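Reviewing the structure listed below.
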Amino acid sequence: FFFAAHTGDLGTVEDGLKTGASVHAVDETGDTALHIAAQAGHPQVVLRLLEAGARLEQRGSADYTPLMSAAYAGQLEVVQILLDRGALVGDDLLSGVQTKVNILRERAESGLVESDTVDAWEAFQSDLLGARLRHDLPGLIANLQDPRLDAQVAAVDRLAAAARRGIDVAAAVSRLTEFVGHSHGDVRYWSSEALSCHAVRAQEWVRLAGLLGAEDNDVRSGALSISAAAARQGVDLAPLIPDYVRLLSHAALNTRHDAAVTLGFLATRRSDVTPAIPGLARLLEEASPLLRKIGAWALYRLGRYAADVGA
């Protein structure tokens with residue numbers, strides 16, 4: 001039965017189940033058939049064992065769950081099956097994958113592994129983090145009601161991380177809206193980030209414009225951070241171009257910088273940001289080298305956009 005799970009022999013696994021083999025039985029190392037099939041990368045066997053009642057969270061050799069066995073072996077199809085069935089992404093798995101990524105990065109710098117391998121594992125790590133955040137989302141939203149500051153900070157930080165990964169945080173919008181007036185700067189910033197992600201996802205431009213126009217620097221910075229990321233990803237933020245143009249004249253240096261970055265990315269995506277030309281030109285006269293550089297970059301992008309449109 002265990003050998004069939006290892007080799008992917010679905011017929012023999014079926015025969016074993018019919019004759020009374022237990023999906024909870026373990027081999028001499030402590031692994032179940034699900035651990036073995038997951039590590040070897042046999043999706044059909046994994047699905048059959050799950051249908052027969054195999055436990056997703058049963059610990060085996062090295063104290064691994066089946067998800068950990070599949071993940072460390074790089075069996076991505078099996079990992080997705082287990083995640084879809086509700087397998088939990090624990091801290092130990094995230095830590096182990098982070099160690100793997102760190103090792104691969106070092107080896108890539110030495111030319112021992114291809115950069116594509118590092119990219120694949122980093123993408124896999126990101127998927128695991130997203131799965132963990134989706135699982136934890138209800139608890140994070142509940143923690144927003146916790147009166148303790150440390151609990152609020154931790155919850156809103158992870159909610160912002162979830163929102164940045166495209167996870168729907170609509171259920172937290174009401175509380176996050178309250179938190180943009182919080183006494184703690186990090187809470188205001190992450191609440192603004194989460195709300196801005198929600199606004200981009202739902203195309204609630206009035207909400208995003210309100211965050212961009214906030215007097216508080218933390219709230220405004222959170223909205224600009226998400227604006228720049230969305231523009232870089234090709235999101236059409238055309239309704240907000242006048243808001244970004246106005247922010248080029250803001251007193252805060254970081255606001256002028258982030259507005260220019262957003263406009264530069266919008267120009268790259270062929271949005272019409274020509275109203276920003278005067279404001280971007282003024283950045284070239286700034287005392288800050290960073291602002292002059294970003295102003296020149298945005299104007300270059302705008303020029304490329306105008307040239308492409310003319311062609």
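The first residue of the sequence shown is numbered 1, and numbering continues consecutively from there. What you see is a predicted model; the values in this text were computed from it and never measured.
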Closest non-hydrogen atom pair, L237 against A230
CD1-CB, 4.3 Å

Given side chains that start at C-beta, do those of D127 and L83 come closer than 4.5 Å, heavy atoms only?
no

Partner residues of D216 under the side-chain hydrogen bond (donor to acceptor under 3.5 Å, both in side chains) criterion, sequence neighbours left out
R188

Rounded distance (nearest 0.5 Å) linking atom CG of L56 with atom CG of L50:
5.5 Å

Are D9 and T7 close enough that a side-chain donor and a side-chain acceptor fall under 3.5 Å?
no

Under 3.5 Å donor-acceptor, H135 side chain and V89 backbone
no

So L49 and V46, side-chain contact (heavy atoms from CB on, under 4.5 Å) or not? Walk me through it.
CA-CA 5 Å; L49 292 169; V46 167; 5.8 Å; no

Roughly how far, to the nearest 0.5 Å, is NE2 of H198 from CZ of R207?
5.0 Å

Could you identify which residues cluster with V219, counting Ile, Leu, Val, Met, Phe, Trp and Tyr as linked when any side-chain heavy atoms lie under 4.5 Å apart, either directly or through a chain of such contacts?
L133, L137, L140, I141, L144, L149, V153, V156, L159, I167, V169, V173, L176, F179, V180, V187, Y189, W190, L195, L211

Test of understanding: clusters of I, L, V, M, F, W, Y form through side-chain heavy atoms closer than 4.5 Å, transitively. Do I241 and L224 belong to the same one?
yes

When you measure from the side chain of E193 to the backbone of G222, do you find a donor-acceptor pair of N or O atoms at a distance under 3.5 Å?
no

Any side-chain heavy atom of L94 sitting closer than 4.5 Å to one from L128?
yes

Please examine the side chains of Y72 and L93, heavy atoms only from C-beta on, and report whether any two atoms are closer than 4.5 Å.
yes

Donor-acceptor pair between H184 and Q152 side chains, under 3.5 angstrom
no

Are the side chain of R201 and the backbone of G166 linked by a donor-acceptor contact shorter than 3.5 Å?
yes

Within this structure, what is the CG-CG distance for the pair L240 and L208, rounded to the nearest 0.5 Å?
5.0 Å

Can you measure from CZ (F1) to OG1 (T19) and round to the nearest 0.5 angstrom?
8.5 Å

Please answer whether the main-chain N or O of T268 pairs with a side-chain N or O of R301 as donor and acceptor at a distance below 3.5 Å.
no

Determine whether a donor-acceptor pair (N or O, by modelled atom type, separation under 3.5 Å) exists between the side chain of S22 and the backbone of H24.
yes

Contact check, side chains of L34 and Q58, non-hydrogen atoms, under 4.5 Å
no

Inspect the surroundings of CD in E57 and state if more than 12 heavy atoms from other residues, nucleotides or ligands are less than 6.0 Å away.
yes

Does the pair R220 and L247 meet the rule for a side-chain contact (heavy atoms from CB on, under 4.5 Å), with working shown?
CA-CA 10 Å; R220 191 173 58 253; L247 292 175; 4.0 Å; yes

Considering only heavy atoms from C-beta outward, does the side chain of V23 approach that of L17 to under 4.5 Å?
yes

Separation between NE2 of H257 and NZ of K293, rounded to the nearest 0.5 Å:
9.0 Å

Shortest non-hydrogen pair, W205 vs V200, comes out as CZ3-CA, 4.2 Å

Nearest heavy-atom contact between P239 and P242 is O-CD, 3.8 Å

Treat each ILVMFWY residue as a node, draw an edge where side-chain heavy atoms are under 4.5 Å apart, and state whether L302 and L284 are in one component.
yes

Min side-chain heavy-atom separation Q80-L76 under 4.5 Å:
no

Please answer whether the main-chain N or O of S126 pairs with a side-chain N or O of R165 as donor and acceptor at a distance below 3.5 Å.
yes

Test of understanding: clusters of I, L, V, M, F, W, Y form through side-chain heavy atoms closer than 4.5 Å, transitively. Do I294 and L253 belong to the same one?
yes

Could you check whether R132 pairs with D91 (Lys NZ or Arg NE/NH1/NH2 to Asp/Glu carboxylate O, under 4.0 Å)?
yes

Do V26 and V45 share a hydrophobic cluster, counting only Ile, Leu, Val, Met, Phe, Trp and Tyr and linking them when any side-chain heavy atoms are less than 4.5 Å apart?
no

Hey, is NE2 on H6 packed in by over 12 heavy atoms from elsewhere, all under 6.0 Å?
no

Nearest non-hydrogen partners of A73 and Q39, listed with the distance
CB-O, 3.4 Å

What are the two closest non-hydrogen atoms of P66 and A38, and how far apart are they?
O-CB, 3.6 Å

Could you go through E122 and R105, starting from their C-alpha distance and side-chain angles, then the distance that decides it, and tell me whether this counts as side-chain contact (heavy atoms from CB on, under 4.5 Å)?
CA-CA 10 Å; E122 286 180 338; R105 285 172 181 162; 2.8 Å; yes

Are D157 and D186 packed together at the side-chain level, in the sense that at least one heavy-atom pair is separated by less than 4.5 angstrom?
no

Begin from the C-alpha positions of R232 and V261 and carry the test side-chain contact (heavy atoms from CB on, under 4.5 Å) through to its verdict.
CA-CA 9 Å; R232 186 173 189 174; V261 170; over 6 Å; no

Show the numbers, then the answer: is there a ring-ring contact (aromatic ring centres under 6.0 Å, His included) between W121 and F124?
CA-CA 5 Å; W121 272 91; F124 176 49; 5.5 Å; yes

About how many Å separate CG of D27 and CD1 of I36, when rounded to the nearest 0.5 Å?
4.5 Å

Side chains of S69 and D31: any donor to acceptor distance under 3.5 Å?
no

Single-linkage hydrophobic cluster, 4.5 Å side-chain cutoff, L290 and Y244 together
no

May I ask you to decide if E285's main-chain N or O and R292's side chain share a donor-acceptor pair within less than 3.5 Å?
no

Can you see which heavy atom on S192 is nearest to which on A223, and at what distance?
OG-N, 3.2 Å

Is a side-chain donor-acceptor pair under 3.5 Å present for N102 with Q98?
yes

Find out whether L248 and L263 are in side-chain contact, i.e. whether some heavy atom of one side chain is under 4.5 Å from a heavy atom of the other.
yes

Within the distance-only criterion (no hydrogens, no angle test), does the side chain of S271 pair as donor or acceptor with the backbone N or O of V273 below 3.5 angstrom?
no

